[in-house]
Amino acid sequence: MMHPIRKQRLILIVSVVLSVAIAVGLILYALRSNISLFYTPSQVAQGETRPGQVFRLGGMVQKGSVQHGQGLAVRFVLTDFHHAIAVTYTGLLPDLFREGQGVVVQGQLEGGVLLAQEVLAKHDENYRPK
Amino acid sequence: MMGALVLPELGHFSLILAFIFSIYQMGVGGVAARCGLSAHKQLAYLLLTSVYGQVFFLILSYLALTYAFLTHDFSVSYVAAHAHTRLPWPYRLSAVWSAHEGSLLLWVTLLGGWSAAFLCYARTRIPLAIQGSIVMVLGVLSVGFISFLLFTSNPFLRLLPEPPLEGQGLNPLLQDPGLAIHPPMLYMGYVGFALAFAVAVAALLRGKFDGVWVQWLKPWVMLAWSFLTLGITLGSWWAYRVLGWGGWWFWDPVENAALLPWLAATALFHSLIMVEKRHAFKIWVLLLAILTFCLSLLGTFLVRSGVLISVHAFASDPLRGAYLLKFLMTVVCLALLLFAWRSPLLVTRQVFHFLSKETFLLINNIILFVLMISVLFATLYPLFLDVLGMGKISVGPPYFNAVFIPLFLLLVIAMCIGPCCHWQKTRPGQLIKQLRWPICLAVMVTVVIKLGLPPLPWLKIIALFLSLTLAFTTVFISTQRRRLGMMLAHMGVAVCALGIILSTSLQTQRELSMRPGDSIAVGGHQFEFMNVHAVEGENYEGVAADFRVYHGLQTLGLLSPEKRHYFSSQNGISQAAISSNLFRDLYIVLGEPLEKNNWAVRIYNKPYVRFIWLGGLLMMLGGLISLSSKK
Amino acid sequence: MKKKFFYFLPFFVFMLIAFFLWRGLRLDPAQLPSTLIDKVAPSFVLPSLLDEQKKIRSSIFYGKISIVHVWSSECKVCENEYDVLLQLAQLPKVQLIGLDYEDDPISAKRYLLEKGNPYHQVLRGDQKNVGLNWGIYGTPETFVIDQRGVIRGKWLGSLNEEKTREQLKACLRSLKDA
């Protein structure tokens with residue numbers, strides 16, 4: 001017969017270890033599939049992304065490149081002044097989306113065009129992109 | 001004229017005086033702490049003057065800055081950067097804490113206020129020596145923060161002799177009632193945990209921590225927790241109304257920064273019950289008290305330093321970040337070293353049966369702690385990889401959902417069973433007797449909902465069932481035991497969970513291009529686009545689109561989303577129009593104009609979304625009530 | 001001994017986190033690295049803002065350390081940079097060149113007349129391709145170009161930011177020493 005305090009301690013330790021293991025498992029499992037890497041157009045042009053990979057692309061919306069299509073479809077070019085990637089997106093653009101403004105889009109590459117699922121505009125109070 | 005010119009200097013001077021008082025407070029506290037347990041009337045008096053003097057000058061300084069905002073004193077550089085003559089007056093008040101310097105001033109003023117309130121409470125209840133230890137720790141925090149304010153982010157710097165005629169204006173996103181009161185509430189919570197921290201450190205210093213200490217500590221933790229809950233709820237409500245995406249939680253680093261101390265504090269006051277009733281888990285409680293405040297500091301650091309990318313990071317500056325980090329490191333390292341050194345003195349062992357309240361409080365603590373660690377880890381993970389040169393990444397909502405939801409459901413199960421258990425040992429039969437009706441009821445309601453709704457994924461059905469069980473059990477228990485506070489708070493969790501589950505499963509959403517005259521049905525409501533017209537406010541102009549909404553044949557009225565241009569900003573801001581009642585929100589966002597008089601429009605119908613914030617309010621109310629019902 | 005370790009565990013974990021935070025402060029997650037650094041500045045022929053007849057060429061960079069400051073009369077942040085600009089203009093062996101980016105030349109001239117002109121030369125930047133060639137995101141931005149016309153540094157945002165100013169000065173110092 002185990003001493004009650006020791007038994008208790010054993011249970012405590014086992015439960016803590018178990019829950020930590022579950023948590024670590026969950027975290028690792030979730031991290032494996034749910035993070036998105038951040039790239040620049042030059043990195044994409046140099047083929048650093050895998051086909052079918054969902055990633056984030058940051059750059060500037062090239063002046064004069066925004067074209068509205070049918071309904072809410074929109075097409076624009078993201079550039080880091082070395083390489084440019086065409087992006088298509090269907091949906092409402094964020095308030096701060098503008099030509100010449102830095103934006104981040106998330107999506108996957110298909111035939112050299114990024115099909116965006118999400119467009120995020122970034123802004124900074126002390127710095128006014130125009 | 002001269003008087004007005006001098007006022008900001010007066011504020012600056014008050015701040016310096018407050019700094020001196022905070023040093024004095026630290027010293028007097030230290031002396032009182034060493035004086036043994038015999039009461040020294042004069043020492044108590046000195047302690048009182050130091051704390052009250054500090055808070056007096058802090059409030060004076062805060063009022064001086066507020067006055068500068070109200071009177072558009074653009075000779076103060078901070079005012080010039082964040083106000084505008086056309087800013088409506090309520091936002092001039094809230095502009096005080098809209099950026100780094102002012103919000104930090106609010107931080108220290110609140111810290112002073114909490115210290116004074118605590119001392120008021122402690123005077124008659126806590127022995128002088130212990131008061132001294134606690135006040136000394138609070139003094140150290142005050143010194144750190146006021147010197148941070150004075151030396152790196154002084155809000156009273158002037159633009160003299162030639163002040164600008166016009167200010168740069170307040171960020172339009174911040175011009176919303178939800179956000180106007182959100183930071184003070186959040187800070188009330190953050191800063192309130194400083195008391196828990198001070199008490200824990202004092203306990204470690206004195207090598208003593210028992211039920212009496214818990215009685216001193218508990219109301220303050222509850223109060224701070226209630227404020228933090230309200231702050232988070234308001235923040236979520238603001239994001240929902242203003243950011244225009246109809247989302248109420250984005251797992252953004254800044255939001256996580258508020259959630260982390262909340263999780264730790266929730267664990268803290270649950271385990272405080274253990275110390276109070278069973279004299280167990282003392283070390284764990286002390287660690288949690290220290291951690292809660294550390295996480296508040298970490299939150300402030302993350303928001304203010306710009307270490308992480310965030311949609312809400314309004315002002316960031318690495319230099320200030322460096323100072324804040326040094327301060328954070330000093331405070332936390334000292335506290336944790338003290339913990340490592342002294343806590344072995346406080347080890348206690350208690351025996352309890354597996355099926356007992358203790359077990360479930362323990363489970364509650366483990367789950368909350370693991371939740372906290374997983375959120376912390378994911379929030380900092382991009383930083384880890386960036387520092388190690390392994391690429392820039394972002395951890396998105398899918399990660400958090402994958403980790404948070406299963407753990408949260410486990411927590412809900414524990415919340416159903418735990419309150420039904422007795423201390424030390426519960427008979428399974430008793431438990432089943434208590435739980436069987438609520439479970440039956442929950443099964444029935446779940447089946448009804450399942451039949452009445454479009455097919456739901458299994459996870460959501462399970463979640464729905466568990467939340468309903470929690471709601472019914474809580475009601476059931478409250479008929480037997482009078483613990484209104486706990487009941488309301490647990491009810492809040494259930495209501496919030498129901499809101500999340502129902503609003504995400506039942507939401508309908510359309511994004512389309514419309515022109516006046518067009519009409520569309522979304523979620524059983526008909527939206528007719530009437531016309532577009534110009535609007536003008538005190539500090540903006542823009543266009544509004546009128547939508548007439550019908551439910552069947554009944555007209556529900558007009559919704560007018562706007563696209564605003566604030567004079568002080570170059571960017572346009574969408575102002576969503578929301579029609580809400582308890583059971584559904586109709587939400588329209590006006591996007592950019594397209595060709596041929598078409599407009600991009602997004603329309604949501606979000607049933608039960610109000611439940612999410614209602615749940616938050618219930619939790620806060622529960623916290624406040626459990627505070628007042630103390631014998 | 002083993003027990004002691006457990007009590008120190010929170011401390012060690014925190015130290016680890018603090019280390020990463022400390023290193024993280026030095027990184028700037030918001031900034032995309034400029035691809036122009038250590039490349040020769042783009043060549044240009046641009047009219048001077050104050051003297052329409054005068055054309056300024058990229059050869060202006062040779063033999064001197066240059067600071068190119070991208071500004072505009074509409075930019076409120078630039079207005080507050082004025083004191084820093086005056087200081088920079090007075091540095092020995094350094095020329096301060098303003099690039100009036102996508103601005104109305106008339107209001108830009110009025111702006112300089114009212115506030116005073118801190119620049120040694122001001123370029124009119126309302127032509128096409130100026131922004132693209134220089135990789136300009138907005139105003140204000142500041143470039144440092146060495147005696148051989150190579151871009152050595154670039155900063156986004158206000159020069160009033162202490163960190164920016166420090167880095168800028170360090171960059172100038174390293175160029176002067178060379």
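Labels below follow one simple rule: chain letters A, B, ... track the order of the sequence lines, proteins then strands, and each chain is numbered from 1. This one's a predicted model, so the numbers in the text were calculated from it and none came from an experiment.
No part of B:L291 comes within reach of chain C, as not one of its non-hydrogen atoms sits under 4.5 angstrom from that chain. With a 4.5 Å cut-off on non-hydrogen atoms, B:L376 touches chain C through its side chain but not through its backbone. Both the backbone and the side chain of B:L337 come within less than 4.5 Å of a heavy atom of chain C. Heavy-atom distances place no part of B:L159 under 4.5 Å from chain C, backbone and side chain included.
With a 4.5 Å cut-off on side-chain heavy atoms, C:R23 and B:F384 do not count as touching. Contact annotation: the side chain of B:L336 never approaches that of C:F12 to less than 4.5 Å [non-hydrogen atoms, C-beta and beyond]. Contact of the B:L287 side chain with the C:P10 side chain is registered, since non-hydrogen atoms from C-beta on lie closer than 4.5 Å. At a threshold of 4.5 Å between non-hydrogen side-chain atoms, the residues C:F20 and B:L380 do not count as touching. For the pair C:F14 and B:L328, the minimum side-chain heavy-atom distance is below 4.5 Å.
Within 6.0 Å of CG on B:L165 lie no more than 12 heavy atoms contributed by other residues, nucleotides or ligands. More than 12 heavy atoms of other residues, nucleotides or ligands shown are found within 6.0 angstrom of NZ on C:K115.
Counting all heavy atoms, side chain and backbone alike, C:Y7 lies closest to B:S343 at CD2-OG, 3.2 Å.
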